[in-house]
Protein chains: 2
Amino acid sequence: MKTGVEYSCDAAVEKLDRFLKAKKLRRTPERYRILEQAMAFPKQFVVDDLVQAMATAAFPVSKSTVYSTVDLLVEAGILRRITAIGNGPARYEKLEDVSHIHLLCEECGKLKLVKDLNFMAYMNARKFAAFTTSYYNLTVYGVCNDCARRIKREKSSNNKIKRTTK
Amino acid sequence: MKTGVEYSCDAAVEKLDRFLKAKKLRRTPERYRILEQAMAFPKQFVVDDLVQAMATAAFPVSKSTVYSTVDLLVEAGILRRITAIGNGPARYEKLEDVSHIHLLCEECGKLKLVKDLNFMAYMNARKFAAFTTSYYNLTVYGVCNDCARRIKREKSSNNKIKRTTK
DNA sequence: TTTACTGCAAATATTTTGCAATATC
DNA sequence: GATATTGCAAAATATTTGCAGTAAA
């Protein structure tokens, strides 16, 4: 453990503060520095990304600590845990991104966030029987134009090979 | 491998047929029996569920075979692979269920499917720039009434304990 | 007859756990 | 000072891979 760290002061930090206080858990430097790095990612990240980011930020922490901290951040409602494509490690994203529509390319795994005010208004008004909503996520699976082009190219070059070898 | 199996004949079977033919893969009994069991699950299932179901159906297959077969079924557009809560094994569901709204309780992990024609109509018309949609999934995270009641009960009994020990 | 498929076991990947040292409250 | 947290290593869990025997085309 290390000491003497100032904490930057935004909404997520306050949220973590409240959470730790409510649960009578400790405000360690590790937890606040990991939160800082997590919020700095422009999009989804995995545990190893955070371990690396911490090392780069001259505050190396163990993988176990990152695992336990992201668990806390999920419980505190700051991050969301997702694993959408393939078998890789779990991915995390800021909960503030969640209400955007997620466009996920099934070919390259790239993710794009789209804001849709109609949809958000509809969902905010929508109630479900016997269920209290905390948040929602709409993911659209498909193929991005880059991959569509690439696939088309590969197909046509396949055809050429077949034709010439006949 | 075993032989002499008749294949039941519904949409999913035909879909698998076309897929295997197109990819020049083999129509093994294992693949069709696993498909049959997968379609018989009323909701999400994991690989081990399928292994067990096959054993119960007097057609035991290895775990590797089930793994490779569900991969095929996902690729064929018959199943969808999901892992929404916790770190357990990957879960699968029929793609025909996907366009329903998924209500997922974050406490007990129970899933309820809700049909919403307004939402489906909106999504079917919705186009995204530089992206070709194949399907979409709306998951609503929250707490089901059963869990809400349980939590409330636990809280009030906690308060009682605190009060008496003071 | 050719080669894809199955099933076993071993390898790999991801996450959790036990425990000693240490920092927070 | 009491105990929650960190970090290491080992354990547990989930999935993939290599390979020999076998079945589908």
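In what follows, chains carry the letters A, B, and so on, assigned in the order in which the sequence lines appear, proteins first and then strands, with residues in each chain numbered from 1.
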**Q.** Along DNA chain D (nearest heavy atom to each residue), the more 5'-positioned of V47(B) and L25(B)
**A.** V47(B)
Q: Round to the nearest Å and state the distance from F59(A) atom CZ to dA23(C) atom P.
A: 12 Å
Q) Going by the angle between their ring planes, with limits at 30° and 60°, are F45(B) and F41(B) parallel, tilted or perpendicular? A) parallel
Q: Report the residue (K24(B) or T65(B)) whose heavy-atom-nearest nucleotide on DNA chain C is the more 5′ of the two.
A: K24(B)
Q.
In whole Å, I'd like the distance from the CG atom of L50(A) to the P atom of dG7(D).
A. 13 Å
Q: Round to a whole Å and report the spacing from CZ of R31(A) to P of dA23(C).
A: 15 Å
Q. Over how many whole Å does the gap from Y92(B) atom OH to dA14(D) atom C1' extend?
A. 11 Å
Q. How about Y136(B) and F119(B): are their ring centroids closer than 6.0 Å?
A. yes
Q) Which is it for L35(B) and V13(B) under the side-chain contact (heavy atoms from CB on, under 4.5 Å) test, yes or no, and what are the steps along the way? A) CA-CA 8 Å; L35(B) 171 62; V13(B) 172; 3.9 Å; yes
Q) Taking the side chain of S62(B) as heavy atoms from C-beta outward, which of dT15(C), dG7(D), dG7(C) is closest to it? A) dG7(C)
Q: Using a strict cut-off of less than 4.0 Å between a Lys/Arg side-chain nitrogen and an Asp/Glu carboxylate oxygen, indicate whether K63(A) and D48(A) qualify as a salt bridge.
A: yes
Q: Could you check how far NZ of K23(A) sits from C1' of dT3(D), rounded to whole Å?
A: 18 Å
**Q.** R26(A) vs dA23(C): side-chain N/O to OP1/OP2 distance below 4.0 Å
**A.** no
Q: Figure out the NZ/P separation between K21(A) and dA4(D), and round it to whole Å.
A: 18 Å
Q. Does T28(A) have a side-chain nitrogen or oxygen under 4.0 Å from the phosphate oxygens OP1 or OP2 of dA23(C)?
A. no
Q: Can you tell me the distance, in whole Å, between the CG atom of L72(B) and the C1' atom of dT6(C)?
A: 13 Å
Q: Could you tell me whether R81(A) and D71(A) make a salt bridge, using a distance below 4.0 angstrom between a side-chain N and a carboxylate O?
A: no
Q. Within this structure, what is the OH-to-P distance between Y32(A) and dT5(D), rounded to whole angstrom?
A. 12 Å
Q. Which value, rounded to the nearest 0.5 Å, describes the distance between R126(B) atom CZ and L138(A) atom CG?
A. 9.0 Å
Dump the pairs, protein N or O against N or O of nucleotides 16-19 of chain D, anything under 3.5 Å, distances to one decimal.
unit_1	atom_1	unit_2	atom_2	d
dT16(D)	OP1	N87(A)	ND2	2.8

Q.
Quick check on the hydrophobic clustering: are M39(A) and L72(A) connected, directly or via other members, by side-chain heavy-atom contacts under 4.5 Å?
A. yes
